Peer 1: 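This is the structure, below, for whatever I ask next.
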Amino acid sequence: MSYLNHLLNDLLSHLLPATVALTLLAFLSAVIILTTRRLTRTSRSCEAQTTPEPIQTCINARTDDTPLPSTAAATEHTSDTSPHRAVDTKTPHASTMPRRPKQPYDAFLVLDVEATCMEGAGFDYPNEIIEWPVCLLRWKDKSPKGNARVLEIVDEFRSFVRPTWRPQLSPFCNALTGITQEQVDVAPTFPEVMQEFRKWLEDHKLIDHAGQRLTRFCFCSDGPFDIRDFVVKQCFVSKIPVPVWLTWDVMDVRRQVGEWHDFANSSSPERNTGGAFPLPRRVVLSIPRQLNALGLEPFEGRQHSGIDDTRNICRLVIELARRGWRLEPNTSINPNRRWPWMGKRGKVLEEYYP
């Protein structure tokens, strides 16, 4: 029995140091693993904080006013892999988005016409165009694969237009547009302006002498009214067909701004906490409101001056492109559309507007 006790004590004396050593080794291994994981997380966090954002917002470049709520961090911008979206670079999806989207169009013709009007007459009135202003936008940075983000104005076309059905402008029209009777009295008629404008398009290699497209371009306007309504009415009054190049591709910028705003807010983690400028559904998105939503206020120039409206719409289009928004047509044009006051062969039925 004493021999067995001696043998057991001897065995324990040899196993105890080994057990202690194994325990210490396991403890040290656990410490090393935990330390390594913590260092890895810290490194990743530092990389995320020091990685430069791919696209700088226009807000950082502003020097006039302080940023609005609409231009807070929730509206930092780039584009995602969908064909028509731009979101906050700080959202969880930002890492999967390209810096510049593919842009299918090479040029944009921004147009905002002014037309004759009577107070309270409404949009069915047989308006005649009295100002035809257009700005041409082209890409500065389009890659061979079509990726682009920077647009610039390269030229402008502007002409007043002499109305022929009701040549005398109403006081309401004078006050609204700032256009005087003297300016339209000496202006060319709409068919003459279209001839001048077509030559301008040819000079810029947008169409050829036969009116065929040479460059993929898109007309842009604030709302669908300028071409869909005013141009179609005017061509009827002037007894000319609607130029085919005016019916190809048209983009409603107001609708684009609304879609961008809805998407930017839905992608923002602060969308339910007042982190973005609200755009009530029933509020008309005037040009100043659109500028406000994109942080581009104030409106530059005189509102309802055709050329000033056009230049401010250009600012919207340029900013949408800068934020990685894909610019595409979204408005269809029916050149054969008719209104009740339209008679035969360009005649306006006077009983509707005596």
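Remember, it's a predicted structure, so these values are computed and weren't measured experimentally.
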Peer 1: Side-chain contact, heavy-atom cut-off 4.5 Å: V348 with W339?
Peer 2: no
Peer 1: Measure across P126 and T116 and return the closest heavy-atom pair with its distance rounded to 0.1 Å.
Peer 2: O-OG1, 4.3 Å
Peer 1: Is it true that the side chains of W200 and D155 contain a donor and an acceptor less than 3.5 Å apart?
Peer 2: yes
Peer 1: If I compare all heavy atoms of R254 with all of G223, which pair ends up nearest, and what's the gap?
Peer 2: CB-N, 3.8 Å
Peer 1: With the threshold set at 4.0 Å, does a side-chain nitrogen-carboxylate oxygen contact exist between R158 and E131?
Peer 2: yes
Peer 1: Quick one: closest heavy-atom pair of V250 and L246, and the distance?
Peer 2: CG2-O, 4.0 Å
Peer 1: Between the side chains of K199 and E202, is the shortest nitrogen-to-carboxylate-oxygen separation below 4.0 Å, so that they form an ion pair?
Peer 2: no
Peer 1: Ignoring hydrogens and geometry, is there a side-chain-to-backbone donor-acceptor pair from E192 to T189 under 3.5 Å?
Peer 2: yes
Peer 1: Does R213 come within less than 4.0 Å of D208, counting only side-chain N to carboxylate O?
Peer 2: no
Peer 1: Quick one: does S238's side chain have a donor or acceptor within less than 3.5 Å of a partner on I240's backbone?
Peer 2: no
Peer 1: What's the shortest heavy-atom distance between L285 and D222, and which atoms?
Peer 2: O-OD1, 4.2 Å
Peer 1: Any salt bridge linking R302 with D309? Criterion: basic side-chain nitrogen under 4.0 Å from a carboxylate oxygen.
Peer 2: no
Peer 1: Is a donor from one side chain sitting under 3.5 angstrom from an acceptor on the other, for N127 and K233?
Peer 2: yes
Peer 1: Between the side chains of Q181 and D185, does any donor sit under 3.5 Å from an acceptor?
Peer 2: yes
Peer 1: Contact between E119 and S170 at the side-chain level, heavy atoms closer than 4.5 Å - yes or no?
Peer 2: no
Peer 1: Given L137, which partner from the list F217, Y105, F108 fulfils the side-chain contact (heavy atoms from CB on, under 4.5 Å) test?
Peer 2: F108
Peer 1: Yes or no on side-chain contact (heavy atoms from CB on, under 4.5 Å) for T164 and V237, after CA distance, side-chain angles and deciding distance?
Peer 2: CA-CA 8 Å; T164 56; V237 173; 4.1 Å; yes
Peer 1: Taking side chain as C-beta onward, heavy atoms only, is F157 less than 4.5 Å from V193?
Peer 2: yes
Peer 1: Go through the steps to decide whether W248 and C218 satisfy the test side-chain contact (heavy atoms from CB on, under 4.5 Å), and finish with yes or no.
Peer 2: CA-CA 8 Å; W248 285 333; C218 179; over 6 Å; no
Peer 1: Hey, are the side chains of K347 and K344 touching, using non-hydrogen atoms and a 4.5 Å cut-off?
Peer 2: no
Peer 1: For the residue pair L327 and W325, establish whether any side-chain heavy-atom pair is separated by less than 4.5 Å.
Peer 2: yes
Peer 1: What closest approach, in Å, do V232 and N334 show between heavy atoms, and which atom pair accounts for it?
Peer 2: CG2-O, 3.8 Å
Peer 1: Ignoring hydrogens, what is the shortest heavy-atom contact between P104 and K142? Give both atom names and the distance.
Peer 2: C-NZ, 4.2 Å
Peer 1: Does NZ or CZ of R162 lie under 6.0 Å from the centre of the six-membered ring of F160, at an angle within 45° of the ring axis?
Peer 2: no
Peer 1: Would you call V134 and T310 a side-chain contact if the rule is heavy atoms closer than 4.5 Å?
Peer 2: no
Peer 1: Hey, can you tell me if W341 and F236 have their rings parallel, tilted or perpendicular (30° and 60° cut-offs)?
Peer 2: perpendicular
Peer 1: With no hydrogens and no angle check, just 3.5 Å: does a side-chain donor-acceptor pair link N292 and R289?
Peer 2: no
Peer 1: Quick check, are the ring centers of Y125 and Y353 under 6.0 angstrom apart?
Peer 2: yes
Peer 1: Would you find a donor on one side and an acceptor on the other, under 3.5 Å apart, between the side chain of T247 and the backbone of V244?
Peer 2: yes
Peer 1: Is a side-chain donor or acceptor of Q183 paired with a backbone partner of T180 at a separation under 3.5 angstrom?
Peer 2: yes
Peer 1: Could you go through the side-chain contact (heavy atoms from CB on, under 4.5 Å) check for R322 and V150 one step at a time?
Peer 2: CA-CA 6 Å; R322 195 196 322 264; V150 182; over 6 Å; no
Peer 1: Examine distances only and state if a side-chain atom of D226 and a backbone atom of S221 form a donor-acceptor pair shorter than 3.5 Å.
Peer 2: no
Peer 1: Is the shortest side-chain heavy-atom distance between L136 and H204 below 4.5 Å?
Peer 2: yes
Peer 1: Would R315 and F299 satisfy side-chain contact (heavy atoms from CB on, under 4.5 Å), going step by step from the backbone distance to the final call?
Peer 2: CA-CA 10 Å; R315 296 171 63 204; F299 184 98; 5.7 Å; no
Peer 1: I'd like to check P298 versus P288 (side-chain heavy atoms, cut-off strictly below 4.5 Å). Are they in contact?
Peer 2: no
Peer 1: Ignoring hydrogens and geometry, is there a side-chain-to-backbone donor-acceptor pair from R311 to E300 under 3.5 Å?
Peer 2: no
Peer 1: If only side-chain N and O atoms count, and only distance matters, is there a donor-acceptor pair under 3.5 Å linking Q234 with W132?
Peer 2: no
Peer 1: Treating R100 as the side-chain partner and S143 as the backbone partner, does any N or O pair qualify as donor plus acceptor under 3.5 Å?
Peer 2: no
